[in-house]
Amino acid sequence: MPEIHDRPPDGGDALLHAYFERRANLVRFFAARTGSLAAAEDLAQDLYLKVAGREAEGEVQSPVAMLYRMATNLLLDRARGERRSAARDGAWREATGSAVGGEDLAQEPPADEAVASRQRLRQLVEAVGELPPQMQRAFRLHKLEGFSHAETARAMGVSVKAVEKHISGALKALTRRLAR
Amino acid sequence: MTGAIDRNDARLEEASEWIVRLQRGGEAEALAFDAWLQSSEANRQAFDSVMGVLDEIGSAAPQLRAEDAVQRRRPEPRFSRRFYLGLGGLAAAAAVAVAVAPQALLAPATETYTTAVGHKRTLSLADGSIVEMNVASRMEVTLARKERRVVMGEGEAVFDVAHDARRPFLIHAGDRTVRVVGTRFDVRHRGDQLSVTVAEGLVEVRSGEKGRTFRLRPGQRLDHRAGSAQVQVAQASPEEVFGWRVGRLVYRDRPLREVVADLNLHFPQPLRVEDERLASTRVSGVLVLDDQPAVIRRLGLLTPISAVPSERGILLRRPAGTK
């Protein structure tokens with residue numbers, strides 16, 4: 001994805017300034033929520049369009065809080081499946097003078113691009129397969145099958161808190177083993 | 001993801017906990033997370049390490065899921081702790097690798113599962129059954145002590161039902177009930193049209209409590225329109241009907257109208273057919289569902305059409321010069 005918007009704004013818009021200052025953290029926030037770095041970059045780009053296209057409404061009291069409010073709303077829109085029609089999407093991009101490479105923002109990147117080699121895949125499979133059974137089940141249901149924490153808890157007959165503990169434990173164990 | 005990471009860094013734990021906490025949503029959590037990131041470069045690095053691994057695993061999710069399915073079919077007593085719950089019907093060998101918590105049996109909760117246009121989803125039910133939901137589908141699942149019950153709204157799914165003679169698996173779709181003991185089959189409920197195709201085992205379809213019952217064997221397909229008294233049973237190829245699971249639709253002498261209706265569940269940009277006569281044209285062939293322009297191009301090889309962008313989606317028409 002071309003990073004065509006990553007230059008400082010000319011004007012004195014506090015919100016835009018805050019966006020550029022916090023962009024890396026916003027991408028991290030989106031990544032944590034979606035589980036995907038590519039989706040996070042797309043969302044950060046969407047957020048830029050919202051920030052840049054916003055009518056000036058006087059001083060923003062707390063620009064960072066405003067940014068995260070807008071970011072949270074973007075995620076809600078996405079979760080509700082409010083897909084803008086492709087035509088409207090195109091018109092909007094044209095009007096704001098940006099090209100985002102013609103990608104459907106709601107789609108995940110192709111799996112084969114991200115996983116470079118078979119060997120790495122085997123490492124991933126082994127690492128997940130060797131998590132303790134309950135932790136592994138929670139991790140699979142939540143991260144691989146897309147169950148929410150509550151759905152995972154009900155499917156396993158345990159509390160949401162227990163599921164949260166399993167997931168963070170799994171993430172830590174997998175990072176220790178797999179981080180490069 | 002720069003530099004070597006310290007694998008014993010307690011920050012990895014904090015970063016992992018943040019990823020979990022943020023799933024609860026809410027602005028306050030988001031701001032607290034931002035503050036944590038701002039407070040040190042080491043925090044940011046720890047987060048990037050965890051996130052890099054999570055992203056990689058997410059990208060490989062299809063392969064990891066496939067691996068899980070392979071493990072599940074292998075009766076490997078590696079995780080013997082899973083047996084401690086002592087299911088009454090452990091003769092139900094298909095349920096072996098999946099833990100069923102006692103609460104799930106005592107207090108049946110109804111879960112609603114949905115998929116959007118273009119999105120599929122695999123459910124691993126607590127009884128060991130696997131349900132692969134096709135695009136634009138909705139169902140409610142209740143696992144009660146005496147029966148397992150699915151109310152199928154609009155949609156299609158392949159059911160791989162864990163054998164459990166004491167708890168029949170019932171699927172309600174429109175005005176018919178599908179009853180299963182343990183088998184693999186596809187149920188398609190779109191509009192008022194119901195189709196059931198069986199790959200393995202035996203499936204009964206009946207209307208109401210005392211209605212007539214049809215028993216379907218592997219390779220048989222039942223078609224029924226809600227409200228009508230008619231039911232048709234014919235031979236069908238399960239591999240063809242189940243093709244959607246691997247991104248493939250197979251048609252034998254079906255009207256273009258039906259093909260377009262299916263495709264519109266897979267792609268957000270709707271297709272329209274110019275007129276009724278063209279919509280009734282019969283189509284036979286296999287469509288691989290990758291990206292929409294490619295699918296339309298292949299559809300053009302099966303039946304002569306041209307695609308024109310229009311205000312309301314893509315218009316399919318006869319190519320110029322043919323009448």
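By convention in this document, chain letters (A, B, ...) are assigned in the order of the sequence lines, proteins followed by strands, and residues within each chain are numbered from 1.
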Looking only at side chains, do B/Glu14 and B/Asn43 share a donor and an acceptor under 3.5 Å apart?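 B/Asn43 and B/Glu14 do not have a side-chain donor-acceptor pair below 3.5 Å.
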Do you know which of A/Thr72, A/Leu174, A/Ile167 has the most heavy-atom pairs with chain B at a distance under 4.5 angstrom?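 Looking at each of A/Thr72, A/Leu174, A/Ile167 in turn, A/Leu174 comes out on top.
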Options A/Gly169, A/Ser148, A/Gly35, A/Ala150, ranked by heavy-atom pairs under 4.5 Å with chain B, top entry: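 Winner by heavy-atom pair count: A/Gly35.
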Toward chain B, the part of [X] with a non-hydrogen atom under 4.5 Å:
X	answer
A/Leu67	neither
A/Phe30	neither
A/Val64	both
A/Arg22	side chain

A side-chain contact here means heavy atoms from C-beta on lying under 4.5 Å apart; do A/Glu126 and A/Arg177 qualify?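 They are in contact (side-chain heavy atoms under 4.5 Å apart), so the answer is yes.
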Determine whether more than 12 heavy atoms belonging to other residues, nucleotides or ligands lie under 6.0 Å from atom CZ of B/Arg312.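 At most 12 heavy atoms, drawn from other residues, nucleotides or ligands, come within 6.0 Å of this atom.
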Within a 6.0 Å radius of atom NZ on A/Lys165, are there more than 12 heavy atoms belonging to other residues, nucleotides or ligands?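 For A/Lys165, atom NZ is not crowded (no more than 12 foreign heavy atoms under 6.0 Å).
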Heavy-atom cut-off 4.5 Å, strictly under: side chain, backbone, both or neither for B/Glu17 against chain A?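 Both backbone and side chain of B/Glu17 come within 4.5 Å of chain A.
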Side chain from CB out, backbone as N, CA, C, O: work out which of these in B/Arg44 comes under 4.5 Å of a heavy atom of chain A, or both, or neither.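 Both backbone and side chain of B/Arg44 come within 4.5 Å of chain A.
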Keeping to residues at least two apart or across chains, list the ring pair (Phe, Tyr, Trp, His ring centres under 6.0 Å) pairs with something in residues 43-62 of chain B.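 As it turns out, the ring pair (Phe, Tyr, Trp, His ring centres under 6.0 Å) pairs with a partner in residues 43-62 of chain B, which skip direct neighbours, are B/Phe33-B/Phe47.
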Non-hydrogen atoms of B/Thr122 and A/Phe147 that approach each other most closely: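 Reported closest heavy-atom pair: O-CE1, 4.2 Å.
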